[in-house]
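Whatever order the structure lists them in is the order used to number ligands and atoms, beginning at 1.
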Amino acid sequence: RWQDRVIADAERADPQARFEFDLQRSPVTHLPASWIGHAPAMRHYQGLVWYQRTFDATALPRGKRAFLRFGSADYAASVYLNGEAVGKHEGAFTPFAFEVTGLIRTGSNRVTVGVDSARTPASVPPPVTDWETYGGITRPVTLVTVPETFIDDAWIRLTDDGRIAATVRLNGPARDLPVRVSISGLSFELRGSARDGVWKGSAPAPRALRRWSPEEPILYDVRIAAGEDVLNDRIGFRTIEVRGHQILLNGNPVFLRGISLHEEELGRDPVRAITPAAARALLSEIKLGLNGNFVRLAHYPHSEVMTRMADELGLIVWSEIPVYWLVDWSAPATLDLARAMLRDNILRDRNRASIALWSVANEPPPGAARTASPRALSGDVRAPDDTRLVTAALLSGRKGKVATIDDPLVADLDVMAINTYQGWYTPDRLADLPGFEWHTPLDKPLIFSEFGADALAGYRDGAADPHKFSEEFQAEYYRQTLAMARKVPFLAGMSPWILKDFRSPRRQHPVYQQGWNRKGLISETGTRKLAFGVLAGEYARIRDRP
Ligand code: GCB
């Protein structure tokens, strides 16, 4: 399918020729998109789809290099240009780029991509998840042209001791180029010369620097120049650290008033097309509607559009890789894959001030064998990024009304995080929830990274003891769970499950779910349920307390 030929021409030239395929006469679609956006019947298709298009390129000037960059492809992709294989990638949520300098032609070029959405138990994530697999080329594809030696990576940040630091990595034959980092509006500049393709520099942050925060999400225009290459970015500067059981933003304790979010836009038929407008609509519900300052981007790295919008709107972000439920770690390649995802997520996003937490796992099942891999991942974070906190969403032990944070992984984390569903997945009465006690032997901050209950928007039940799936039940569940949360002295934040009802093929209750997980505080079309107001009220109270 990736041959560089026009099938109709081949058939005309040789009337005996027959092919199993003809991509040039296949249905046309617009990318980025997911299977379900191509055709509703493809919603649950798990397997291979071929894409092909031609594009014109002007002659690549001497000394320039060209790359094909994919924002993401779900789940595995093989890329071909003009009949030649250029590379493969596994993992649905991180970007990848292949060099095509020697292959790109002046004039017409043919790019062919096979995308396979099927996963195995050793995939990350494994086949069973509680969300939709949006197979396809779900984020933009770009042809990037750069100088022969270019800035491959530039990490610009504020350090805990008040300096602005830059690490710049070059790719190409010139290893010792002059490097210059400047921040407009601050008359700040760092200059130096790369050694063997790497340059590190720092200087005290100017007094005039205004730190990024949810209240003042200030971003600066930063210019990074090395040799002939220039990168421009918009970057905020802040510090995030832990002291005892507190999280400190810019040195001050902050309580994370958040909610979880899947990468799925509002509307009756989402296709996972995260435009700036779609991201703004979702994140504004959190920031303005819920009085929030925090979002857990579950359960995988979201589109760059989302993290950039969080920077702009002022929301602290939890970012995670899809180490979810039952990953089969028996093949060493699986841990390598998860490590690559974590690294690529960090490299993509470490200039985003909004991101405060890297999460390495969600509800890994108990057992020594499964702890080893998340533990290795938590150890990986600090080398590429020592300016953020490491966490993982775990389950707790329980005896009667005492819950104990006893997962051995917490010892490796900066911030403990617990998913808890008492009163929804357990027979506990809602009125008993405030009587729960939380224990931990460690002096670390805790986030309730999930709690929630399903409600179908519009299903109202005015009885004294409302039914599950009613808006009243969900609202009461929130009231009682929040009453429990208020009594946890080491609680530093929460991201209940979840802002919006989201597609999940495993949620098939014929009346209440019909393919949607209904734990949203808003419906898929944005209707706010009663519990929305309960959480918004609690967050206003926390925000305004002296
Ligand atoms: C969880 C999972 C999340 C599910 C949620 C639920 O613990 O982390 O992915 O969607 O519970 O609704 O059961």
Residue portion contacting ligand 1 (non-hydrogen atoms closer than 4.0 Å) for N517
side chain
Identify the closest protein heavy atom to atom 4 (C) of ligand 1: which residue and atom is it, and at what distance?
D130 OD2, 3.2 Å
Charged N-O contact under 4.0 Å between D406 and R398:
no
Numbered in order shown, the ligand 1 atoms found under 4.0 Å of a heavy atom of R507 are 6 (C), 12 (O), 13 (O)
salt_bridge(D311, R308) N-O dist < 4.0 Å:
no
Do the rings of H302 and Y300 sit parallel, tilted or perpendicular, given the 30° and 60° boundaries?
parallel
Where is the nearest protein heavy atom to atom 12 (O) of ligand 1: which residue, which atom, and how far?
K519 NZ, 2.7 Å
If we set the cut-off at 4.0 Å for heavy atoms, which region of W131 has an atom near ligand 1: side chain, backbone, both, or neither?
neither
Is the shortest side-chain N to carboxylate O distance from R352 to D233 below 4.0 Å?
yes
Top protein contact for atom 7 (O) of ligand 1, by heavy-atom distance
E363 OE2, 2.3 Å
In ligand 1, which numbered atoms sit nearer than 4.0 Å to a non-hydrogen atom of F502?
10 (O)
With a 4.0 Å cut-off on heavy atoms, is H262 touching ligand 1?
no
Could you walk me through whether E263 and Y134 pass the side chain to side chain donor-acceptor pair (under 3.5 Å) check?
CA-CA 10 Å; E263 185 176 339; Y134 283 99; over 6 Å; no
For atom 13 (O) of ligand 1, what is the closest protein heavy atom, and at what distance to 0.1 Å?
Y425 OH, 2.5 Å
Looking only at the aromatic ring of each residue, does the gap between the centers of Y75 and W35 stay below 6.0 angstrom?
no
Is a salt bridge present between K399 and E437, judged by a nitrogen-to-oxygen distance below 4.0 Å?
no
Thinking salt bridges, do R518 and E524 make one under a 4.0 Å N-O criterion?
yes
Honestly, for N362 the part within reach of ligand 1 (heavy atoms, under 4.0 Å) is side chain
Residue, atom name and distance, where the atom is the protein heavy atom closest to atom 8 (O) of ligand 1:
E450 OE2, 2.7 Å
